[in-house]
Every structure is written in structure tokens, then in C-alpha cells.
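In what follows, a structure is listed as C-alpha cells, so that the remarks can point back to it.
Remember, predicted model here, so these are calculated numbers, not experimental data.
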Amino acid sequence: MARGSGRADTWLIVLGQSSQALGMGGISLFLPLIREDLGLSFAQAGQLAAAATLVYALMQVPAGWLTDRYSPKKLFCAGVLGTNAMSLAFAVVHPYGWLLAVQAVSGLFRSLIFAPGMMLIRERFPADRKATAMGLYVAGGFASSVLLNILGPLAVGPLGWRWLFVVFGGTGVLWALLYHRVGTDPHREPGAFPRLAEVRRLFGHPALWLIGVIQFARLATAQGLAFWLPSYLVAEHAMSLAGAGAIAATSALITAPSNLLGGWLSDRLGRPLLVIAVALTALCASLAVLPLVGGVLPLLAVIGVNALFVQLYFGPLFGVGLHYLGQRTAGFSSGFGNFCANAGGFAAISALGTIKDSTGSFTLGFQLLAGLYALALLAVLALTRTTPLTEGPVPPPAAAPAPASAARKQDPPAGAR
């Protein structure tokens with residue numbers, strides 16, 4: 001746990017971060033109702049989530065740079081407040097084009113949550129519990145998904161999906177205001193932010209790109225499968241919305257503690273790459289098998305395996321980034337990794353809907369995701385042979401020597417020597 005004085009801060013960070021999961025998860029869960037209400041195809045429905053994910057992905061590197069230079073607390077509060085204001089807007093806007101615009105602005109604000117929040121929560125844990133801290137950071141989002149998928153199908157009947165988005169947005173605004181009141185910024189020495197030359201060094205180091213490949217595969221499945229799972233169960237397994245919601249809730253219930261378990265294992269064993277490799281292997285196998293199973297129990301078993309491992313390596317992966325790329329540019333490198341991750345999420349959400357429309361099945365999409373994990377395993381192998389970046393401030397450029405004529409002008413008179 002975080003130090004006692006920071007416990008209120010810690011839980012408000014987790015609650016603020018998790019509030020965004022209600023908006024995104026609500027679109028996924030209620031997608032059959034939203035599609036019917038708005039008359040959307042599968043591809044159009046996928047774009048509702050993809051629009052937010054694309055903007056969110058493109059903003060990750062700028063958001064990481066801002067986190068290294070400015071107040072993480074202010075950025076985090078602005079992100080939580082704006083994201084949940086967009087959930088309120090989603091509830092009242094009707095035309096499809098305007099809903100896409102709302103989702104794009106939501107992605108902009110969501111980008112201000114991740115890197116600042118990661119920095120804030122890391123500061124509240126000791127040095128040997130950083131992976132645990134990062135696991136806790138995302139565990140709250142999966143806990144809120146559990147509540148959403150259990151209670152959402154029960155509440156959507158009397159309230160309707162639009163009123164539920166009002167509840168989601170209002171709750172998130174409350175967390176933002178509370179954290180703005182009691183939260184604190186991490187201490188920084190004057191001039192401690194990284195210089196541009198330090199950031200440029202990152203792009204020449206192979207670990208940045210190898211971690212980016214793993215991150216791309218991570219969220220391609222975490223978001224792609226999570227977004228389309230209820231629709232997959234309803235369309236291809238003839239389940240009711242309540243049944244699909246119960247399975248999605250169970251999946252999130254398994255995933256939530258696995259975030260903490262993965263961080264704890266990484267800190268305990270001191271071998272984060274091993275944790276990452278085991279998780280990737282299990283995920284590759286589960287996605288390859290998922291389209292082949294037909295019975296309810298085998299289907300639940302495969303979904304359960306995927307849920308256990310899909311976020312198990314979140315904390316270890318970001319911890320590996322700190323190990324290979326250093327602490328001074330942690331905001332930037334975390335932002336770059338999350339950019340790659342959300343590029344994967346955008347690609348998967350868009351592609352799975354398009355593949356379903358063109359082939360009538362999600363099978364090809366799941367097979368492509370399994371192939372991504374095989375590629376990520378190769379990236380882990382390459383990381384084991386990579387040397388960490390030598391950390392340290394980049395020295396300023398050496399001053400040019402003074403011209404000889406200027407040096408002669410500065411010589412003291414002969415009598416003064």
C-alpha cells in the first residue's frame with residue numbers, strides 16, 4: 001500500500017482514472033441498443049469507440065511531454081473533468097456526426113489522464129513497489145467494469161442508456177473535484193524536466209521500439225476484444241444482452257486482481273520479462289482457440305484464460321520501460337508506449353467491426369490478434385539482448401573558443417602581469 005499520508009490521494013487517483021472506463025465500457029455494453037436506436041452498422045458503431053481511441057493515441061506523446069514539464073495534478077484533474085463532461089454530452093447529443101465529434105474530444109481529455117496519473121501514483125509507493133502501483137492504477141478501471149456489466153443490464157431497462165451516461169459523467173466529475181481539493185503534486189527540483197536532447201536519445205534506443213510493439217499488441221486485444229465481446233456473444237452465440245453482460249462482468253472481475261498480481265509477481269521475482277512472456281504465450285493460445293469453441297463451458301474457459309492474462313503484464317511492461325529508458329523521461333516514454341498501445345486498440349476496434357461486416361464472423365479478426373501476440377513474443381526475446389539506456393543529464397554544448405583577436409583584447413597590460 002501507499003504511505004499512510006497519501007492513501008486518500010491514491011484512491012482518488014484510482015477512482016478518477018477508473019471513471020473513464022464507465023464511458024468507454026458503457027458504449028461497448030449497450031452497443032446493441034445504441035446501434036438500434038441510431039440505426040448504425042457494425043462498422044459505424046466501431047467508429048464511435050475508434051474516434052476516441054485515435055485522438056487518445058495521437059495525444060499520448062504530447063501528454064507525456066507535458067507531464068514531464070508541468071503539474072501532473074492539474075493535467076490529471078483537467079483530463080478527468082473533461083472526459084466525464086463528454087460522457088454527459090454523449091447522453092444528450094443525437095446526430096451520429098456529433099457523437100463522433102464528442103468521442104474525439106473525449107479522447108483528447110482522456111490523454112491527459114494516463115501519463116500524469118501514472119506519475120502521481122508511482123510517487124505514492126516505495127521504490128520496490130512501482131510495478132504494484134501501476135497495476136493498482138488500472139485495476140480500478142476493471143473493478144468499475146465489473147459493476148457496469150453486472151448492474152448495467154438491470155438499470156438500462158428503467159433508465160435507458162442515455163440516463164446511465166449522465167450518471168457515469170456526473171460521478172466522474174465528482175472525483176475530479178475531490179482530487180483537485182486534496183491531491184498533491186510530486187516534488188521536483190527546479191529545472192529537473194528532461195531536455196530535448198534527452199528525448200531525442202530515446203528514439204535511437206531499440207528498447208523504445210520493442211516495447212512499442214508489445215504495447216501495440218497489448219491494447220489491440222484488451223480494447224478490441226473487450227469492446228466487441230458483448231456483440232460477439234449476442235451475434236454469434238445467440239446470448240441475451242444480460243447473459244453477455246454477465247460474462248463481460250466475470251471477465252472484468254478476473255482481470256481486475258490480475259493487474260495487481262502481475263505487478264506483485266514482477267516486484268517479487270525481479271523478472272518482469274518472464275511475467276510478460278508467460279502472459280503473451282497464454283493470450284496467443286487463447287485467441288487462436290476462441291473461434292473454434294462452440295459449447296458454453298469451453299467458451300467461458302477460453303474467455304476466462306484471456307481475462308486472467310490480458311492485463312497481467314501491464315505493470316511489469318511499464319516497469320521494463322523505466323528500467324531500459326530511465327526515470328527522467330518517464331512521462332515521455334510512458335506516453336510513447338501508450339500511444340503504441342492505443343494505436344493497437346484503434347486498429348483492432350476498427351478492424352474487427354469491418355471484418356464482421358465483410359465476412360459475417362469475428363473469426364479472422366481473432367486470428368490476426370493471435371498473430372500480433374506471436375510478434376510481441378519476438379520483441380520480448382529481442383529485449384533480453386538489449387542494453388539499458390545510460391541515464392544522466394545531457395551536457396550542454398561546449399562553448400566555442402574565443403577568437404584570437406578577442407583574446408588579445410582581453411589580455412591585461414604588461415605592467416599588471
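A donor-acceptor pair under 3.5 Å links the side-chain atoms of S358 to the main chain of I355, judged by distance alone. A donor-acceptor contact shorter than 3.5 Å is absent between the side chain of Y179 and the backbone of F76. Of the possible polar contacts, one joining the W228 side chain to the I349 backbone as a donor-acceptor pair under 3.5 Å is found.
Heavy atoms only, all atoms of each residue included: S231 and L31 are closest at OG-CD2, 3.8 Å. The shortest heavy-atom contact between A370 and L287 is CB-CB, 4.0 Å. Minimum interatomic distance between V55 and G107 (heavy atoms only, all atoms of both residues): CG1-C, 4.0 Å. The heavy-atom pair separating P72 from T67 by the smallest distance is CG-O, 4.2 Å. In terms of heavy-atom proximity, L372 sits nearest to A217 at O-CB, 3.8 Å. Scanning both residues, P206 and T386, for their nearest heavy atoms gives CG-CG2, 3.9 Å.
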Please tabulate, for side-chain N and O atoms in residues 158-171, each donor-acceptor pair with protein atoms closer than 3.5 Å (sequence neighbours left out).
unit_1	atom_1	unit_2	atom_2	d
W161	NE1	D37	OD2	3.3
R162	NH1	A91	O	3.2
R162	NH1	V93	O	2.9
R162	NH2	H94	ND1	3.2
T171	OG1	V167	O	2.9

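Counting heavy atoms from C-beta outward, L38 and L99 have side chains that approach closer than 4.5 Å. L299 places a side-chain heavy atom less than 4.5 Å from the side chain of L233. Taking 4.5 Å as the limit, some side-chain heavy atom of V80 sits within range of a side-chain heavy atom of S19. Looking at V289 and V305, their side chains never come closer than 4.5 Å, going by heavy atoms from C-beta outward. Residues L290 and T363 form no side-chain contact, since every pair of their non-hydrogen atoms from C-beta on lies 4.5 Å or further apart.
The number of heavy atoms from other shown groups lying within 6.0 Å of NE2 (H180) does not exceed 12.
The ring-ring contact (aromatic ring centres under 6.0 Å, His included) contacts involving residues 278-299 comprise nothing, where partners must be two or more places apart or lie in separate chains. Screening residues 312-321 for side chain to side chain donor-acceptor pair (under 3.5 Å), with sequence neighbours left out, gives no hits.
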